[in-house]
Amino acid sequence: MQNIVVKGGARLVGEVRVSGAKNAALPILASSLLASGRSVYRNVPALGDVRTMDKLLGELGAEVTTKPGGVTLVDTSKVNNVEAPYDLVKTMRASVVVLGPLTARYGRARVSLPGGCAIGARPIDQHLKGLAAMGAKIELDHGYVEARARRLHGATIVFDMVTVTGTENLMMAAALAKGRTTLENAAREPEVEELARVLNKMGARIQGAGSPLITVEGVDELQPIEHSIIPDRIEAGTLLVAAAITRGNVLVRDCLPEHLDAVIAKLRAAGVEVTPEEGGLRVRAKAELKPTDISTQPFPGFPTDMQAQFMVLMTRAKGQSVLTETIFENRFMHVPELQRMGADILVEGRTVIVRGPNKLTGAEVMATDLRASASLVLAALIADGTTKIRRVYHLDRGYDRLDKKLRALGANMHRTRGPM
Ligand code: EPZ
């Protein structure tokens, strides 16, 4: 099991390139199941969850070939299995996004129910409600959800809450359904818009992606395509905070500022200089950081996937910040570890109060989920002394060699092998 050891205190300076988006790559790879033949994807990030999706597609009978430089070829012409096994789904709940494509294309899907997760219960009732509205017969069987439909038909689906993968699953199912589907209260995340772009390139007829109302005119057939995946806005946000928290001067390349408006607005409110520059965003943090409140919201609001990172930044601000998590019921697992490093954080239900400025000190800490692990890396960058972060497999699930990128900017960190 790997650990990351960080000696705090370095100021980050230089340029860093953002990789392709994890949360776009996963549904896009799954969308290859909607067509027969070979799809080619570029700018695919090298991270654990993508490897799991590759394994899952292989399990279904697709031929997946990865090439250096972030290229993945997926040939679905020999797909002969519609079961997503427990062993894979339990490691990555996003595997559920094969449910829609398999049901739509093969008339049947058998997907292990994801079960609970460190950050919340995360049910998939909206995914199932939508498929049932499109005519699928849904059964729960020995921990698996089984969906069957000779051919799905169009439907009007109103989500009870905004769900990203719910919107993606039903958008993919509707692409091959008979008739028109409308998705109301749909997720507006850039990754949803990107998936719609890919599906339309495959021959789908989708309108309104990026807005709360998406309309899909089903077609009989889709074609494999070539596509280059958008940059990862959460990785970009994490790098912006890393630069700001170390009072650095960094150009974050290949990110799309329009995907980061809410994050940039809060960084500026905290006194961080964020300036668009040719090819990216320049971050400088000279002034004293100001306390800033956030409340996580669906896009275009402040992303829940940036809450933990922003919390660490607020440990350096002079005063009290209030952070509210509205999306997941249990997304403060990083707080006890940050408190062990000396952070002054009070938890009140779904709200935390961060008092600063606080000098953090190095310690041995445990990563519990993907974004929590990123926050521990950020805390270690500014802590006095050395921090050892355990279970960094959480980090590698969603970041493409983050430690290597931070080292190139001047961070003092390396990996070691160690016990669980
Ligand atoms: C996506 O998860 C992202 N994952 C998450 O990123 C992200 O945190 C989340 O959206 C919110 O932005 C991927 O895209 C692969 P939701 P998803 O369905 O789709 C409830 C990361 O760090 N809900 O939008 O699973 C749910 O419990 C990960 O990269 C239902 O109740 O999230 C949650 O409270 C973590 N029933 C809320 O809605 C449903 O059927 C939003 O969840 C579906 C969701």
Side-chain angles (χ1 to χ4, degrees), residues 19-31 45 47-50 52-53 56 89 91-100 111 113-133 138 145 157-172 183 185-195 212 229-230 232-238 259 262-263 295-310 325-331 333-334 350 367-375 394-400 402:
S19 299
K22 167 181 82 83
N23 291 346
L26 298 176
I28 289 173
L29 287 165
S31 74
L47 38 84
D49 278 4
V50 166
T52 304
M53 183 55 83
L56 175 53
V89 178
T91 60
M92 181 186 70
R93 45 176 315 101
S95 312
V96 74
V97 293
V98 299
L99 182 62
V111 174
L113 274 171
C117 148
I119 65 177
R122 303 181 74 180
I124 59 165
D125 56 298
Q126 301 295 303
H127 304 233
L128 304 182
K129 177 183 94 170
L131 279 177
I138 305 283
V145 59
I157 297 162
V158 184
F159 290 107
D160 299 335
M161 81 292 292
V162 171
T163 161
V164 176
T165 49
T167 302
E168 293 166 343
N169 236 335
L170 299 180
M171 202 165 64
M172 289 193 274
L183 302 175
N185 193 26
R188 303 168 57 191
E189 269 65 7
E191 295 77 22
V192 171
E193 234 183 307
E194 169 77 343
L195 178 63
I229 292 169
I230 55 170
D232 196 312
R233 64 192 167 101
I234 305 299
E235 184 199 10
T238 305
H259 290 174
V263 174
S295 168
T296 63
Q297 300 293 334
F299 191 88
F302 190 92
T304 171
D305 297 345
M306 280 298 300
Q307 173 254 98
Q309 300 92 315
F310 201 82
E325 174 55 56
T326 72
I327 308 287
F328 293 109
E329 64 272 25
N330 186 30
R331 202 166 204 183
M333 302 284 279
H334 39 287
R350 287 216 184 175
T368 48
D369 63 77
L370 169 57
R371 307 304 170 183
S373 51
S375 76
H394 286 292
L395 189 79
D396 296 334
R397 283 191 49 187
Y399 286 95
D400 183 349
L402 182 66

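What you see is a predicted model; the values in this text were computed from it and never measured. Counting convention: from 1, in listed order, for ligands and their atoms alike.
Of the protein's non-hydrogen atoms, the one nearest atom 32 (O) of ligand 1 is Phe328 CZ, 4.0 Å. Scanning all protein heavy atoms for the shortest distance to atom 1 (C) of ligand 1 gives Val164 CB, 3.9 Å. Scanning all protein heavy atoms for the shortest distance to atom 36 (N) of ligand 1 gives Asp125 OD1, 2.7 Å. Nearest non-hydrogen protein atom to atom 15 (C) of ligand 1 is Asn23 OD1, 3.3 Å. Counting protein heavy atoms only, atom 29 (O) of ligand 1 is closest to Arg371 NH2, 2.8 Å.
Against a heavy-atom cut-off of under 4.0 Å, Thr165 is close to the following atoms of ligand 1: 17 (P), 19 (O), 25 (O). Close approach to Ile327 involves these atoms of ligand 1, each under 4.0 Å from a residue heavy atom: 33 (C), 34 (O), 41 (C). The atoms of ligand 1 that sit less than 4.0 Å from any heavy atom of Thr304 are 8 (O), 11 (C), 12 (O). Near Gln126, meaning under 4.0 Å from any of its heavy atoms, are these atoms of ligand 1: 36 (N), 39 (C), 40 (O). Taking every heavy atom of Lys22 and a limit of under 4.0 angstrom, the matching atoms of ligand 1 come to 21 (C), 29 (O). Proximity to His127 (heavy-atom distance under 4.0 Å) selects the following atoms of ligand 1: 40 (O). Taking a cut-off of under 4.0 Å to the non-hydrogen atoms of Arg122, the atoms of ligand 1 that pass are 2 (O), 17 (P), 25 (O), 27 (O). Close contacts of ligand 1 with Ala94, meaning ligand atoms under 4.0 Å from a residue heavy atom, involve 15 (C).
Glu189 contributes no side-chain N or O that, together with a main-chain N or O of Val192, makes up a donor-acceptor pair within less than 3.5 Å. In terms of modelled atom types and a separation under 3.5 Å, the side chain of Gln309 and the main chain of Asp305 share a donor-acceptor contact. With Thr167 contributing its side chain and Ala187 its backbone, the two residues share a donor-acceptor pair below 3.5 Å. Panel note: side chain Arg397, backbone Gly48; no donor-acceptor pair is recorded below 3.5 Å.
Across all non-hydrogen atoms, the minimal contact from Val263 to Met306 is CG2-CG, 4.1 Å.
Here the side chains of Tyr399 and Asp232 are not in contact, with every heavy-atom distance at 4.5 Å or above. The shortest distance between side-chain heavy atoms of Leu26 and Val50 falls below 4.5 Å. With a 4.5 Å cut-off on side-chain heavy atoms, Lys22 and Ile234 do not count as touching. Taking 4.5 Å as the limit, every side-chain heavy atom of Val89 sits out of range of all side-chain heavy atoms of Val96. Here the side chains of Pro300 and Arg188 are in contact, with some heavy-atom distance below 4.5 Å. Taking 4.5 Å as the limit, every side-chain heavy atom of Thr165 sits out of range of all side-chain heavy atoms of Pro27.
Closest heavy-atom approach to atom 20 (C) of ligand 1 among the candidates Met53, Met306, Met161: Met161.
For Asp305, every heavy-atom contact with ligand 1 shorter than 4.0 Å involves the side chain, none the backbone. Contacts with ligand 1 closer than 4.0 Å are made by no heavy atom of Glu168, backbone or side chain. By the criterion of a heavy-atom distance under 4.0 Å, the side chain of Arg331, and not its backbone, is placed next to ligand 1. The backbone and the side chain of Thr163 each have at least one atom closer than 4.0 Å to an atom of ligand 1 (non-hydrogen atoms only).
Ligand 1 lies nowhere less than 4.0 angstrom from a heavy atom belonging to Gln297. Using a 4.0 Å heavy-atom cutoff, Pro123 is listed among the residues neighbouring ligand 1. Heavy-atom separations between Val162 and ligand 1 include at least one value shorter than 4.0 Å.
Contact check on Glu191 versus Arg233 returns a salt bridge, with a Lys/Arg side-chain nitrogen under 4.0 Å from an Asp/Glu carboxylate oxygen.
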Stepwise, does the side-chain hydrogen bond (donor to acceptor under 3.5 Å, both in side chains) test hold for Gln307 with His334?
CA-CA 10 Å; Gln307 173 254 98; His334 39 287; 2.9 Å; yes

